[in-house]
Structures are given as C-alpha cells and as structure tokens.
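Accompanying notes for the structure given below.
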Amino acid sequence: MKSFFLEAIKAISTSGTIRPSSKYLIAKCLNSFEFEHADVILEFGTGDGCFTEQILKRMGSKGRLISFEVNPVFCKYTAKRLKQYDNL
C-alpha cells in the first residue's frame, strides 16, 4: 500500500483514522486481555493489520481470529502482509 493516509482519506467515513496505530497504543489496548484462552476473537476494522498482527502473536495455537474490513485496499494489503498466520 503506497500510503495509509491517502487510502484512509479516500474512505474517511469508514476508516475512522488517518494514520496507523502506534506500537504503544496497541500494547496499551491489548495488554489486559488473556488471548491464549480465547477460542475465537472478532476484529472489526482491520485497517492495515497493525492490531491484527499483535492479536495473532498473542493468541494461543488453538485460537482463531476473524477480522472484518470494508475497504478492499486495506483488506488485500493485510491479507498479503499476514499470510504466514494460520489462525487468521
């Protein structure tokens, strides 16, 4: 993806942000969850996959992540970026 910002601006009514989340924000949001015990996690608004990747890293081996994204550019980018994960 050339620019998260440009893609987000094109779809501002559904993107909810104009820049990717920082690693500090992601850690702050995810640190209180016990991902290793989850069977299924739903994520709404995958974006560029920065949260998605961290969720996948924290999940147990039997967990499954189901992510929803309405923007086709973000969806393709994230799917390609995270193709090594089996539980996506």
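This structure is a prediction, so every number in the text was calculated from the model and none was measured. Below, each value reflects all heavy atoms present in this structure, side chains not excepted, and no hydrogens, waters or symmetry copies. Along the sequence shown, the residues carry numbers beginning at 1.
Taking each heavy atom of F35 and L30 in turn, the nearest pair found is CE1-O, 3.4 Å. Between S21 and C50, the shortest heavy-atom contact is N-SG, 3.8 Å. The two residues F51 and C29 come nearest to each other via the heavy atoms CE2-CB, 3.8 Å. Across all their heavy atoms, Y77 and D48 have their closest contact at CE2-O, 3.6 Å. Across R58 and N31, no two heavy atoms sit closer than the pair NH1-OD1, 3.0 Å.
Heavy atoms from other residues, nucleotides or ligands lying under 6.0 Å from CZ of F68 number more than 12.
A distance of 12.0 Å separates CZ in R64 from CG in D39, rounded to the nearest 0.5 Å. Residue L25 holds its CG atom at 11.5 Å from CD of Q54, rounded to the nearest 0.5 Å. Of the inter-residue distances, the one linking M59 atom CE with L65 atom CG reads 5.5 Å to the nearest 0.5 angstrom.
Hydrophobic clustering (side-chain heavy atoms under 4.5 Å, transitive across Ile, Leu, Val, Met, Phe, Trp, Tyr) keeps F74 apart from V70. The cluster map of Ile, Leu, Val, Met, Phe, Trp and Tyr, joined by side-chain heavy atoms under 4.5 Å apart, puts F44 and V40 in the same cluster.
With E69 contributing its side chain and T46 its backbone, the two residues share a donor-acceptor pair below 3.5 Å.
Remark: E53 pairs with K57, R81, L82, Y85 by the side chain to side chain contact (heavy atoms under 4.5 Å, CB included) rule, at least two apart or across chains.
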